[in-house]
Trainee: 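Once you've had a glance at the structure underneath, I'll fire off some questions.
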Amino acid sequence: MALSAQDLADLENAVDLLTSPSLVARLSHLVGSPLEGAVRKLPAGASSRINTAVETALRKAVDAALWSLDNQPRPASTRMHKLYAAASGAVGGAFGLASLLAELPVSTTIMMRAVADVARGQGFDLEDPDTQAACIEVFAMGGPGDQDDAAETGYYMTRGFATQAMHQLSRELADIAARQGAGQTAGLMTSTQAGKWLARLIEKVAERFGVVITNKVAAQAVPIIGAVTGATLNTLFTDFYQDMALGHFTVKRLESRYGAEVIRAEFERLARARNQR
């Protein structure tokens, strides 16, 4: 089935968003040079503390963000979430690494809420575990690896996190059913699977999101960024993940209409054309 003119335009916009420079690249541009050196200068153990804090923040953000939104479709409030993120960043950026880690659950919840708001605006059910997983997937985007891969495959490689987590968990649940008897676990399989799937997915996504947050901390430590507040950086982050969410949920909406294979083939064609421009 051929895409309608409007759906093709929507997919072209999604390709532009999802193959744009990564968040790490944008931070490096802001600093004026690659951030690897700044990351190496962070205090000993900083990366480990950041990664632990990131996973905890993502776990809290999913429930808090979804609880704070109703499930009635409406246009996303992109400007409002940027304002919330800026206010949070202004506080977190004022007192060094400790305050940044303390502020991280707040800013992550705001960003997760912004992502879920975009999903709702695209017509997705926020109570559906698939939608919740897709919201989490957005936070796997933005690291340096996104642009190291071919543009037409980088987005779909990132989406593979959810598929891998689901396949692994399905095998585990099948083993449990085989040992205990399918009849005893059938009523619990859906809720058990959904909860464990999201937890497993958060673990995987936190690894990539942690890299981005580490680079954010490093950027704030660079002297030239002294005048750039945490508010500015949080606004940059929220804007980026809103863009990723819009691209991601546009693709998923079109996949439900035309089929995943059709949309992936068209996505890759458009991405190749974009790279040749």
Trainee: Using the six-membered ring of Tyr156, assess whether NZ or CZ of Arg264 lies under 6.0 Å from its centre and within 45 degrees of the ring axis.
Mentor: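 The answer is yes; both the distance and angle limits are met.
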Trainee: Is there a path of hydrophobic side-chain contacts, each under 4.5 Å between heavy atoms of I, L, V, M, F, W or Y residues, that connects Leu58 with Val62?
Mentor: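 Yes, one cluster joins them.
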Trainee: Does a donor on one side chain sit under 3.5 Å from an acceptor on the other, for Asp117 and Gln242?
Mentor: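 Judged by distance alone, the side chains do not pair up.
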Trainee: State plainly whether the residues Arg159 and Glu255 are in salt-bridge range, i.e. N to O under 4.0 Å.
Mentor: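 So Arg159 pairs with Glu255 through a salt bridge.
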Trainee: Main chain of Ala65, side chain of Arg113: is a donor-acceptor contact present, judged purely on distance under 3.5 Å?
Mentor: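 Absent.
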Trainee: I need the minimum non-hydrogen distance between Arg26 and Pro21, along with the two atoms involved.
Mentor: NE-O, 3.0 Å
Trainee: When you measure from the side chain of Thr131 to the backbone of Phe124, do you find a donor-acceptor pair of N or O atoms at a distance under 3.5 Å?
Mentor: no
Trainee: Do Ile202 and Leu126 land in one hydrophobic cluster if side-chain heavy atoms of ILVMFWY residues count as linked below 4.5 Å?
Mentor: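 Yes, because Ile202 and Leu126 connect within a single hydrophobic cluster, where side-chain heavy atoms sit under 4.5 Å apart.
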Trainee: As an exercise, state the distance from SG of Cys135 to CZ of Phe249, rounded to the nearest 0.5 Å.
Mentor: 4.0 Å
Trainee: Does a salt bridge link Arg269 with Glu266, judged by any charged N lying under 4.0 Å from a carboxylate O?
Mentor: yes
Trainee: Which pair of non-hydrogen atoms, one from Ala57 and one from Pro105, has the smallest distance, and what is that distance?
Mentor: CB-CA, 3.8 Å
Trainee: For the residue pair Phe139 and Tyr241, does the interplanar ring angle fall in the parallel (under 30°), tilted (30 to 60°) or perpendicular (over 60°) class?
Mentor: parallel
Trainee: Got a salt bridge between Glu137 and Lys252, using NZ or NE/NH1/NH2 to carboxylate O under 4.0 Å?
Mentor: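 No salt bridge links Glu137 with Lys252.
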Trainee: Would you call Asp10 and Arg253 a salt bridge, using N to O less than 4.0 angstrom?
Mentor: yes
Trainee: Return yes if a side-chain donor-acceptor contact under 3.5 Å exists between Ser4 and Asp7, otherwise no.
Mentor: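 Checked: Ser4/Asp7 side chains pair up, N/O donor to acceptor below 3.5 Å.
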Trainee: Should Phe237 and Leu35 be regarded as members of a common hydrophobic cluster, given that ILVMFWY residues are connected when their side-chain heavy atoms come within less than 4.5 Å of each other, either directly or indirectly?
Mentor: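 Same cluster: Phe237 reaches Leu35 through Ile, Leu, Val, Met, Phe, Trp or Tyr contacts under 4.5 Å.
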Trainee: Salt-bridged, Arg40 to Glu36, with N to O below 4.0 Å?
Mentor: no
Trainee: With respect to Ser47, which candidate in Thr214, Val211, Ile213 satisfies the side-chain contact (heavy atoms from CB on, under 4.5 Å) definition?
Mentor: Thr214
Trainee: Spell out, yes or no, whether Val24 and Phe209 are grouped together once hydrophobic residues are joined by side-chain heavy atoms under 4.5 Å, including indirect joins.
Mentor: yes
Trainee: Check Leu17, Val15, Val251 against Tyr155 for a side-chain contact (heavy atoms from CB on, under 4.5 Å) and give me the one that passes.
Mentor: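 In the set Leu17, Val15, Val251, the residue that makes a side-chain contact (heavy atoms from CB on, under 4.5 Å) with Tyr155 is Val251.
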